[in-house]
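As structure tokens, the structure follows; a few thoughts come after it.
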Amino acid sequence: MTDIPSQLTTELPPAWQPAAVEAELYQRWVDSGYFRADPRSPEPPFCIVIPPPNVTGSLHMGHALEHSIMDALTRRRRMQGFETLWLPGMDHAGIATQNVVERELAGEGLSRHDLGREAFVERVWRWKAESGGMILNQMRRLGDGVDWSRERFTMDAGLSRAVQTIFKRLFEDGLIYRAERIINWCPRCHTALSDIEVEHSEDEGELISIRYGDGEVSIVVATTRAETMLGDTAVAVHPDDERYRHLVGTEVVLPLTGRRIPVVADDHVDPAFGTGAVKVTPAHDPNDFEIGRRHGLPALTIMDERGVITAHGPFEGLDRFEARPAVVAALREQGRIVAEKRPYLHSVGHCSRCDTVVEPRLSLQWFVKVAPLAKAAGDAVRDGRTTIHPADLAKRYFDWVDNMHDWCISRQLWWGHRIPVWYGPNDKVMCVGPDEEPPEGEDWHQDPDVLDTWFSSALWPFSTLGWPERTADLDRFYPNSVLVTGYDILFFWVVRMMMFGLYAMDDVQPFDHVYLHGLIRDASGKKMSKSRNNVIDPLDWLDRYGADATRFTLARGATPGGDMALSEEWAAGSRNFCNKLWNASRFALMNGATVARPLPERDALTDADRWILDRTDALVSEVDTQFEDYQFARLCDALYHFTWDEFCDWYLELAKVQIAAGGERAEATRAVLGHVLDTLLRLLHPLVPFVTEVLWLSLTGKESLVVADWPAVRGAAPDAEAARRIEGVQRLVTEIRRFRSDQGLKPGQRVAARLSGMDGAGLAGHEPAVSTLVRLEPPGESFASSASVEVSLPGGTVTVELDLSGTVDVAAERRRLAKDLAAAEKELAQTEAKLGNPQFADRAPAGVVAKIKARRELAVAEIQRITARLEALAGSGS
RNA sequence: GGGCGCAUAGCUCAGCGGAAGAGCACUCGGUUUACACCCGAGCGGUCGCAGGUUCGAGUCCUGCUGCGCCCACCA
């Protein structure tokens, strides 16, 4: 066991200073091995694997949120006695990382081709060792209780083995195939992109109509990509379109090329759009590719991988964006342009990494056949093996799995898992598993492409635990308990993990629960982005407000699937909360709060003691409920209000009176304070681990709150009578304070007063507490009542007379009474209207009727009281 | 083009069939020996609009308006 940090043994300073202790505390936790999981433990397992951040990434608010939630879930389970594993790691992030290193090379005037593949990949590894994974260090600042001994990287040996293993298995099951398809191609990155790596935006273009053919046999088509006409191999019309029926089966001349192309009939064509005739470019458009397949049309590739025209003729060698106006100009010269529509807004795909306009391109790629895998992924959620929180997002999940296209998994990059397929003579193809030797000989070569990054991410829930080996970790911690991630990657990541998890692990789901958090926005609800310059850096908050305040702020805004607007005030509020907890604890400790003595018997407890103990029990249940439901915002709210309103504002104030009484009463109070504080710190620990740890060590002198037990409800039935009396005291105190404030009394000014009716209201014995809380002095010899307030309580009315010695503000009191009277009369009218409605009496539940009746009685009493008081004031003549 | 979500106090949001809530902001008053990162009191809302269901509707239904998000191969 390590020594308790020096700061913690000395007296607690008057404010919580996170910067002074966070790093030291975190190191203690790690050194003590609290975060290390033991697969051989007999306790029930709880496991979360971290959504692996990109190796190029650094901590942003989204991570901070996600991690706060994962840490809270894991810490609570640990305290509950589960064998917990929170596994950290990183993703190699294929395109993103390759781009970073290529940019670095460009600074040296080099390209990856100058280095060659092997040297380039080596360079990326070196980059990773030097500057990658900054985020892992930043996680320590947050206090993430991860098992550092199990850190993983998607490109490390074990995970690469998993990738090869599943590839081979899918290959042999016929679920991976190679095909020539139109894929999304980035002419800048020189690689295929999957659907999800393409971002659509409404861009300005030009829709031009071109006349194909000549004389009698001509037809007008429209396009936004004029240059692709060089690759046209047909014109298509709808089979039922009367206008063109006579042309189907004939040929028209394709301008600029002189080639003759057929007119075909195809259902895909919408006769209502444009002229109802479509140019068909099978090699450069996905729809056209399908039309071409149906009609046996040739696919003519007219562009290379850089987007440069390769078709022989005047346009050869031009970039696609240079060729477009050149082609249009040439057509215009020939009088072929029938119409131009500009600007024409239409949806254009962009590379999500570099924003280059995506070019559909015909090429040979590897695909995963998703239908059977997606079906299984849908079923696992449908039959409840995996639960999605919030439940409404399951609908979107089903939409996705039910309509998924085959997944293009090959990427023309160098950084990533190389496709384990070898090609030999006579079109021989061989898939090589992890323990197999690749085929020998000059005439065999490996596929040059690597796999989509998401391919290895999809294995993360089990590859990190040692799969394909049957390890103790895998046995113990699969399926994972919860996946915590943003709803924005439900589709491309969660679905893929579900597919591969079920496939690799004999139909066992990768996780029991999926918790989807929302997106972080700025104070005005805008998405945070560097270009908008509204990014809040969590490291800045960690420096200025501390880890606990940052975490609490994020947890407080976390509703399932709900976005959250963040602003500075929230962080300050959370910092204040931590400080409130700090000072409340400090007060309790200074007054001898202790957990060394058991709670006194019920008879030795006051109403206030019983009330706060019952409230504490209620809090424990509430916190458990909200935790199980992933309702972090409500959870934080409950803890915040208990701490601030119930514990600090009421119980601590009442406890001061009890401690001042001395003797047994004081001793009992110290035990109650100790119990409540102990419970509260345990409940808060998963959310705000640092401040609670320091305070708890001071309170208990034990080793660490990290491994303390999670609180349980005491099991005693709540004392409803005590609660009613304390609520009476609260109401009375609040009314007297209001009265004092209305009278213009300073809060601290002591004033002589006479309380009457306390016994009748059931508040016998609470006079000292009330008097202390509202600064009342006992009435002396010369007491002269000059102002009074009557407070209607459920048990009866309490009258408070004050000796204000001439400071009475009768006008102010009249105003206040008039206002109260109006409110009471409105209340009376409302309740009577309701009760007077026969249908209400018939149909409303008895409890509701009783409540309304009680409200009416209180209103009547209030009106009588106010009226009497107003008469008295009038009688006094002032 | 399809699908989903949101509109409640100045701001950010909770409430989802039985008296309009919280935090922050704002106003007033405070050396109240735990805390000014605080304490006390207060101001502030025909719950987007229009209909409907119900004894009763921010709360359920329909339509409208305004935002936002996701998906998409209309040239």
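Residue numbers start from 1 in every chain, and the chains themselves are labelled A, B, ... in the order their sequence lines are given, proteins ahead of strands.
- The C1' atoms of B/C6 and B/G58 are separated by 14 Å, rounded to the nearest whole Å.
- Within the 4.5 Å cutoff, the side chain of A/I852 has heavy atoms near those of the A/L835 side chain.
- Of the listed nucleotides (B/U32, B/C24, B/A72), B/A72 has the atom at the smallest distance from the side chain of A/W400.
- Nearest to the side-chain atoms of A/R634 among the listed nucleotides B/G18, B/A34, B/G15 stands B/G15.
- Glycosidic conformation of B/G15 is anti; the angle lies outside 90° of 0.
- When the side-chain contact (heavy atoms from CB on, under 4.5 Å) test is applied to A/T233, the partners found at least two apart in sequence or on another chain are A/R259, A/P282, A/L297, A/P298, A/L300.
- Contacts classified as side chain to side chain donor-acceptor pair (under 3.5 Å) and involving residues 638-654 of chain A (residues at least two apart or in different chains) are given here: A/D609-A/Y651, A/R615-A/E646, A/E653-A/K656.
- Ring geometry for A/H389 versus A/Y630: interplanar angle of 30 to 60°, hence tilted.
- With distances taken from any side-chain atom of A/K834 to the nucleotides B/G18, B/U54, B/C69, the minimum falls on B/G18.
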Provide a list of protein-nucleic acid N or O atom pairs under 3.5 angstrom, restricted to nucleotides 2-4 of chain B.
none

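- Residue pairs meeting the salt bridge (charged side-chain N to carboxylate O under 4.0 Å, His left out) criterion with at least one partner in residues 281-293 of chain A, sequence neighbours excluded, are A/R225-A/D285, A/E290-A/R293.
- Across all strands shown, A/N837 has heavy atoms under 4.0 Å from sugar-phosphate atoms exclusively, and none from any base.
- Contacts of A/E653 with the nucleic acid, taken as non-hydrogen atoms under 4.0 Å apart, include base atoms.
- Straight-line distance between the P atoms of B/U12 and B/C55: roughly 38 Å, to the nearest whole Å.
- Applying the side chain to side chain donor-acceptor pair (under 3.5 Å) definition to pairs two or more places apart or across chains, those involving residues 264-281 of chain A are A/T228-A/K279, A/D232-A/K279, A/D232-A/T281, A/D266-A/R294, A/D266-A/H295, A/K279-A/T281.
- Between B/G40 and B/U31, the distance separating the two C1' atoms is 15 Å to the nearest Å.
- Residue pairs meeting the side chain to side chain donor-acceptor pair (under 3.5 Å) criterion with at least one partner in residues 848-857 of chain A, sequence neighbours excluded, are A/E827-A/R855.
- B/G15 sits 14 Å from B/A9 when the C1' atoms are compared, rounded to a whole Å.
- A gap of 22 Å separates the P atoms of B/G68 and B/C74, to the nearest Å.
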Could you go step by step and tell me if A/V327 and A/M229 meet the side-chain contact (heavy atoms from CB on, under 4.5 Å) rule? CA-CA 9 Å; A/V327 166; A/M229 63 144 320; 3.9 Å; yes

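- Within the 3.5 Å criterion, the main-chain N or O of A/V358 finds no donor-acceptor partner in the side chain of A/H350.
- Looking at heavy-atom distances under 4.0 Å, A/L652 makes contact with a base.
- For the pair A/R181 and A/F367, the cation-pi test (distance below 6.0 Å, angle within 45°) is passed.
- For the pair A/M590 and A/A222, nearest-nucleotide mapping onto RNA chain B gives the more 5' position to A/M590.
- In terms of position along RNA chain B, the nucleotide closest to A/D637 lies nearer the 5' end than the nucleotide closest to the other residue of the pair A/D637 and A/R225.
- The side chain of A/K656 places an N or O atom within less than 4.0 Å of a non-bridging phosphate oxygen (OP1 or OP2) of B/A34.
- Between the A/R336 side chain and the A/R211 main chain, a donor and an acceptor come within less than 3.5 Å of each other.
- Counting non-hydrogen atoms under 4.0 angstrom, A/E290 reaches nothing in the nucleic acid.
- Among residues at least two apart or in separate chains, side chain to side chain donor-acceptor pair (under 3.5 Å) pairs with a member in residues 571-583 of chain A are A/T553-A/S574, A/N579-A/N583, A/N583-A/R586.
- In this model, no side-chain donor or acceptor of A/Q631 finds a partner on the base of B/A14 within 3.5 Å.
- In the set B/A75, B/A34, B/G18, the nucleotide with an atom closest to the side chain of A/T223 is B/A75.
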Nucleotide N/O to protein N/O under 3.5 Å, stretch nucleotides 37-40 of chain B:
residue: B/C37; atom: O4'; partner: A/N576; partner atom: OD1; Å: 2.9
residue: B/C37; atom: O2'; partner: A/N579; partner atom: OD1; Å: 3.4
residue: B/C37; atom: O2; partner: A/R575; partner atom: NE; Å: 3.0
residue: B/C38; atom: OP1; partner: A/N576; partner atom: ND2; Å: 3.2
residue: B/C38; atom: O3'; partner: A/K580; partner atom: NZ; Å: 3.1
residue: B/C39; atom: OP1; partner: A/K580; partner atom: NZ; Å: 2.7
residue: B/C39; atom: OP1; partner: A/W644; partner atom: NE1; Å: 2.6

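- Comparing the C1' positions of B/A22 and B/G45 gives a spacing of 14 Å, expressed to the nearest Å.
- Listed by residue number, A/P845, A/V848, A/R855 are the residues of residues 845-859 of chain A with a heavy-atom contact under 4.0 Å to RNA chain B.
- With sequence neighbours excluded, the residues satisfying side-chain contact (heavy atoms from CB on, under 4.5 Å) with A/D402 are A/R382, A/F398.
- Taking atom C1' in both B/U59 and B/G21, the straight-line distance is 14 Å, to the nearest Å.
- With a 4.5 Å cut-off on side-chain heavy atoms, A/R320 and A/E359 count as touching.
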Taking Watson-Crick and G-U wobble pairs with both distances under 3.5 Å, convert RNA chain B into its dot-bracket string, 5' to 3', dots for unpaired and | for cross-strand pairs. ((((((((.[[[[.)..(..]]]].(((((.......))))).....[[[[[..)....]]]]])))))))....

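- When the P atom is compared between B/C13 and B/U8, the two are found 9 Å apart, to the nearest whole Å.
- A/V688 meets the side-chain contact (heavy atoms from CB on, under 4.5 Å) test with A/D548, A/F552, A/C578, A/L684, A/V691, A/T692; sequence neighbours excluded.
- Counting non-hydrogen atoms under 4.0 angstrom, A/H641 reaches the backbone sugars and phosphates but no base.
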